[in-house]
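Positions are given from 1, in the same order as the sequence printed here. Computed from heavy atoms alone, side chains included, the values below leave out hydrogens, waters and symmetry copies.
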Amino acid sequence: GTYRTKVEYEFIRAHLPPAPVNILDIAGGSGRIAVPLLRDGYDVTVNDIDLPSLNLLSTRHVDRPARLIPGDFLTVEIPGQFDVALAMECMGYFPFDQVLSRLRKLLKPGGMFIFTVRNSGSWRYYARGLAGRARSGEQVMKLRDYCSVCEKLGFDLFAIRGLMWFPLTVTSNSPLITIFGKLERILGLGARHSQSPWLLMATSVIVALVLWRRQFASDSRRSLVQE
C-alpha cells in the first residue's frame, strides 16, 4: 500500500548516500522501491523469483533501466558487489541468517543492508496467534533475536523504525490508512520498537578488523569468566 511504500522509502532515502550508488533490491518485484530509486539517480539491480514481475518492471519507463536478475536470492548467481542491499517485505520467506551470510559476500566493506521484518514479540503477532491466523513456515523472530544474528554475522545495526500499528485489517486504499498513519506519527509509535508489528532496520557491514577486535574482546571476556 501507499502508506508502507511512503514510510519505507523515506527511511531508505534517509540513510542512503548520495547517488550514484549501486543498490541490490532483493525480491524487488515490479519495482515498487526500485523505480523511485532509479528516478532519483541510483543504479539498481533487482532480483526476484517471479519472472512476470521482472518483465513488468522492464516495461516501466525510466531514464536508467534496472538490471534484472531472475531467481532465488539464496542460490542465483549475482555478479559484482554492491554499496547497499534492500529487502522490503520479503524476509519472511528466507532464513534470516542465510540472507546475511550471502550479503557479507555481496556487499562492499562498510556496505549497508536495509530491510523490513515482522516482529514476533509484537502485540499484533500475539493476537494473530490467538486468532489462529499465524502463517505456517514464516521466518520471523523477536527484535532482540534479529539484533543478535546481525551482530553475530558482522552487521552493525544503526537505525530502527516501527510501523504497521493499525489495529484493524484494512485495504490499501482505505481512508483509515491515512488516519492510522497520522496517529502513528503523533503518538510516536514508530519508536516503540519491541512492540511494533513490523520493523524497518538499517545495518552496515562491519569491516574485518573491527569484527576481529570485537570477537577477540568477546573471547577474552569468556576466558576471564572461565578462569
Donor-acceptor under 3.5 Å ([X] side chain, [Y] main chain):
| X | Y | answer |
| --- | --- | --- |
| R60 | S30 | yes |
| Y146 | M141 | yes |
| N47 | G71 | yes |
| E151 | D156 | no |
| Q139 | M91 | no |
| S196 | R192 | yes |
| S53 | G29 | no |
| R102 | F73 | yes |
| S58 | N55 | yes |

Atom pair [atom1] ([X]) and [atom2] ([Y]), whose distance is rounded to the nearest 0.5 Å:
| X | Y | atom1 | atom2 | answer |
| --- | --- | --- | --- | --- |
| L16 | I114 | CG | CD1 | 5.0 Å |
| L199 | L157 | CG | CG | 9.5 Å |
| I33 | I23 | CD1 | CD1 | 10.5 Å |
| C150 | D97 | SG | CG | 11.0 Å |

Minimum-distance pair of heavy atoms, taken over all atoms of [X] and [Y]:
| X | Y | answer |
| --- | --- | --- |
| I206 | R104 | O-NH1, 3.2 Å |
| T59 | L56 | OG1-O, 2.6 Å |
| A19 | G41 | CB-O, 3.4 Å |
| S120 | V140 | N-CG2, 3.7 Å |
| L103 | F155 | CB-CZ, 4.0 Å |

Who passes side-chain hydrogen bond (donor to acceptor under 3.5 Å, both in side chains) against [X], sequence neighbours left out?
| X | answer |
| --- | --- |
| D83 | K108 |
| K142 | none |
| E10 | K6 |

Please determine whether a side-chain nitrogen of the Lys or Arg among [X] and [Y] lies less than 4.0 Å from a carboxylate oxygen of the Asp or Glu.
| X | Y | value |
| --- | --- | --- |
| D63 | R39 | no |
| E89 | R32 | yes |
| R13 | D40 | yes |

Discussion item. Applying a strict under-4.5 Å side-chain criterion to I, L, V, M, F, W and Y, I'd like to know whether Y93 and L51 cluster together.
Written reply: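 No, separate clusters.
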
Discussion item. Grouping I, L, V, M, F, W and Y whenever their side-chain heavy atoms are under 4.5 Å apart, do L24 and I49 come out in a common cluster?
Written reply: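 No; tracing contacts between hydrophobic side chains, which count when under 4.5 Å, never links both residues.
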
Check whether any side-chain heavy atom of [X] lies under 4.5 Å from a side-chain heavy atom of [Y], and answer yes or no.
| X | Y | result |
| --- | --- | --- |
| T5 | P36 | no |
| M201 | L143 | yes |
| H193 | C147 | no |
| L153 | S101 | yes |
| L200 | I160 | no |
| T116 | F11 | no |
| I78 | L106 | yes |
| L107 | Q81 | no |

Worksheet entry | I69 and its side chain to side chain contact (heavy atoms under 4.5 Å, CB included) partner, picked from V76, L54, I26, D48 |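 By the side chain to side chain contact (heavy atoms under 4.5 Å, CB included) criterion, I69 pairs with just one of V76, L54, I26, D48: V76.
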
Item to complete: Just grab all the ring pair (Phe, Tyr, Trp, His ring centres under 6.0 Å) pairs involving residues 22-46, residues at least two apart or on different chains.
Response: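 Non-adjacent pairs meeting ring pair (Phe, Tyr, Trp, His ring centres under 6.0 Å): zero.
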
Practice prompt. Can you sort out the partners of F158 under ring-ring contact (aromatic ring centres under 6.0 Å, His included), two or more places apart, ordered by chain and number?
Written response: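 F158 satisfies ring-ring contact (aromatic ring centres under 6.0 Å, His included) with H15 only.
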
Worksheet item: Considering residues at least two apart in sequence or located in another chain, which fulfil the ring-ring contact (aromatic ring centres under 6.0 Å, His included) criterion with F115?
Response: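 ring-ring contact (aromatic ring centres under 6.0 Å, His included) check on F115 returns F96, F113.
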
Item to complete: Before giving the answer on side-chain contact (heavy atoms from CB on, under 4.5 Å), spell out for V46 and L57 the whole-Å C-alpha distance, their side-chain angles and the decisive distance to 0.1 Å.
Response: CA-CA 9 Å; V46 179; L57 173 55; 3.7 Å; yes

Practice prompt. Give the intermediate values and the outcome of side-chain contact (heavy atoms from CB on, under 4.5 Å) for residues M112 and T203.
Written response: CA-CA 6 Å; M112 289 191 295; T203 66; over 6 Å; no

Discussion item. What verdict does the side-chain contact (heavy atoms from CB on, under 4.5 Å) test give for N22 and V84, after you've listed the backbone C-alpha separation in whole Å, the side-chain angles of each residue and the deciding distance to 0.1 Å?
Written reply: CA-CA 7 Å; N22 197 11; V84 180; over 6 Å; no

Practice prompt. Evaluate side-chain contact (heavy atoms from CB on, under 4.5 Å) for L37 paired with L86, printing each intermediate quantity in order.
Written response: CA-CA 11 Å; L37 285 172; L86 307 174; 3.6 Å; yes

